[in-house]
Amino acid sequence: MRELPDFEIYSPSSLRDLLEYLHGDGRDATIIANGTDLLPRIRRGELRPRRLVDISGVRELRYIREEGGVIKIGALTTISDLAGSHLLSHSRYEAFHVLSRMFGTWEIRNRATVGGNLGAAASSEDLIPIFLALDARVRLLSLGGERVLRVDELVVAKRRTSRRGDEVIAEVSFKSLGEGEWSYFQKIGRRRTHIIALVSLASYLRLSPDGVIEDVRLAFNRVRGKIPERAWRTEEFLRDRRIDEEVISGAERVLESELRLTSDYRASYLYRTEVAKVFLRRALRHSRDMVLGGVESVAEA
Amino acid sequence: MPRLRVRLRVNGVEHELEVGGGERLIDTLRNRLNIKSVKEGCSTGDCGTCTVLMDGEPINSCITLTAQANGREITTLEGIGRPGDPHPLQITFAELAATQCGYCIPGIIMAAKSLLDRNPNPSGEEVRWMLAEHLCRCTGYGRIVEAVLEAARILRSR
Ligand SMILES: Cc1cc2nc3c(=O)[nH]c(=O)nc-3n(C[C@H](O)[C@H](O)[C@H](O)COP(=O)(O)OP(=O)(O)OC[C@H]3O[C@@H](n4cnc5c(N)ncnc54)[C@H](O)[C@@H]3O)c2cc1C
Ligand code: FES
Ligand code: FES
């Protein structure tokens with residue numbers, strides 16, 4: 001009744017087999033991981049691929065490990081895998097923990113992959129701001145070797161990545177979080193378990209024991225364009241300052257001048273800007289309270 | 001288009017099928033294997049009506065290709081109980097009148113089954129979180145929550 005158009009599909013069973021295929025016949029094939037982004041798009045008629053390469057059986061790409069202070073996540077790792085990983089269980093990885101309440105549905109979290117989220121390259125993809133905030137690196141593999149890119153080098157425009165046809169996104173990695181560091185993610189949409197974030201903010205902070213911001217990265221689903229980006233000027237304003245109400249207000253003003261949001265049928269730019277400011281305020285207060293151990297100001301948010 | 005040979009284990013029975021690349025799991029289950037409990041709502045992963053278990057995990061069969069289910073174990077409502085020997089969820093949904101038109105119920109029961117397999121004693125809050133991801137246009141959800149909690153009690157007492 002509501003079938004998909006037919007296409008050719010090749011399912012390699014190993015990474016080697018996949019890379020050889022991408023190098024030869026499969027250079028112009030569309031990669032499908034678990035299809036939670038791709039298949040709805042094919043159904044809606046936005047895409048009409050003739051040939052798919054199904055990487056879901058390439059088991060070597062599903063892992064989470066920690067090596068030399070770096071967390072490494074294979075591209076086929078699912079959102080449910082992230083939520084269940086003991087390597088990410090420390091409360092300072094809160095950005096990942098909130099996904100089990102905010103990312104899609106349970107059925108989707110069981111399927112949605114890390115590589116697919118990056119590959120989808122849109123402002124609705126929650127892992128893109130999170131990996132931007134964690135200053136992650138993306139490893140692309142091809143038969144010829146590897147390339148390591150920052151997330152903003154990979155996701156270059158709405159629905160466009162800098163991946164070459166013979167490459168596959170293999171791994172995302174970032175430095176393990178330690179003392180004084182905190183990651184957080186906030187998102188608002190129309191339905192709690194729905195895909196499209198009207199506004200989201202992924203934040204990373206490193207605070208000194210007396211509450212001075214030593215490092216900060218703030219990635220919104222949108223800042224200037226239609227893909228997630230960092231709010232560089234707001235970050236710069238915050239660096240080396242102590243989080244208090246005055247600094248928070250100052251940061252909100254910088255953010256307001258930095259954001260170039262637009263209105264669409266989902267929400268006006270005024271609404272989005274207001275929510276972005278609220279998220280910034282909450283991220284700063286929350287991260288400070290969690291790192292410094294005080295909880296007295298949580299209620300202010 | 002070339003056909004693909006796919007092996008599926010559905011409700012404990014092995015099947016070997018030839019499918020096209022674009023064939024969805026929901027179509028294979030309904031049209032070839034005549035498993036009609038699996039219902040289609042939105043076709044885009046949003047409503048939960050088509051939920052089945054793949055290796056024990058709830059997934060949306062409307063956005064899963066049969067080719068990608070190769071070698072996997074699929075469980076549908078037909079696989080968790082039979083008329084003479086129903087699953088506790090099937091008993092409590094009927095007894096507590098948790099269904100109205102019934103269209104959304106197979107998907108909800110499959111997700112509930114997976115929830116109870118993982119957590120035999122869920123709170124009402126946990127059941128509501130699970131349900132937040134399934135659309136039902138009839139019941140108002142209240143009795144569904146009760147039916148899941150009651151089934152959990154029965155399972156724990158066994
Ligand atoms: C109901 C619903 C709710 C959703 N909610 C959310 C949400 O809350 N937050 C969110 O972020 N997303 C959400 N999504 C979108 C989707 O689940 C995510 O984008 C998911 O991470 C995609 O992973 P996938 O394995 O299904 O990717 P696929 O659909 O298989 O692929 C997505 C894209 O990435 C490319 N790709 C995949 N893997 C690779 C790889 N290893 N190398 C190179 N390219 C690759 C594909 O070619 C394709 O263009 C939702 C989707 C649905 C249907
Ligand atoms: S029909 Fe599959 S989720 Fe709605
Ligand atoms: S009982 Fe009718 S949609 Fe749920």
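Computation of the quantities below employed the complete heavy-atom set of this structure, encompassing side-chain atoms and omitting hydrogens, waters and symmetry-equivalent molecules. The structure presented is a predicted model; accordingly, all values stated were derived computationally and were not measured. A note on names: the letters A, B, ... follow the listed sequences, proteins ahead of strands, and every chain is numbered from 1.
Both the backbone and the side chain of L115(B) come within contact range of chain A, with heavy atoms under 4.5 Å apart. No part of A112(A) comes within reach of chain B, as not one of its non-hydrogen atoms sits under 4.5 angstrom from that chain. When heavy atoms are compared at a cutoff of 4.5 Å, L38(A) does not approach chain B at all. Within the 4.5 angstrom heavy-atom criterion, no atom of C62(B) approaches chain A.
Note: I63(B) CD1 to L4(A) CG = 10.5 Å, rounded to the nearest 0.5 Å. Atom-to-atom distance recorded for I26(B):CD1 and E3(A):CD is 10.0 Å, nearest 0.5 angstrom. Distance check: L39(A) CG to T64(B) OG1 gives 7.5 Å after rounding to the nearest 0.5 Å. Taking OG of S11(A) as the start and CG of L4(B) as the end, the distance is 6.5 Å to the nearest 0.5 Å.
Scanning both residues, W106(A) and E133(B), for their nearest heavy atoms gives N-OE1, 2.5 Å.
With hydrogens and angles disregarded, a donor-acceptor distance shorter than 3.5 Å links the side chain of D6(A) to the backbone of G21(B). N110(A) places a side-chain N or O within 3.5 Å of a backbone atom of P58(B) that can act as its donor or acceptor partner.
Contact annotation: the side chain of H134(B) approaches that of E107(A) to within less than 4.5 Å [non-hydrogen atoms, C-beta and beyond]. Proximity of T36(A) to N60(B): side-chain heavy atoms (C-beta onward) are nowhere separated by under 4.5 Å. Put simply, the side chain of I59(B) does not reach to within 4.5 Å of the side chain of N34(A), judged on heavy atoms.
Of the N and O atoms on the side chains of D54(A) and Q68(B), at least one donor lies less than 3.5 Å from an acceptor on the other residue.
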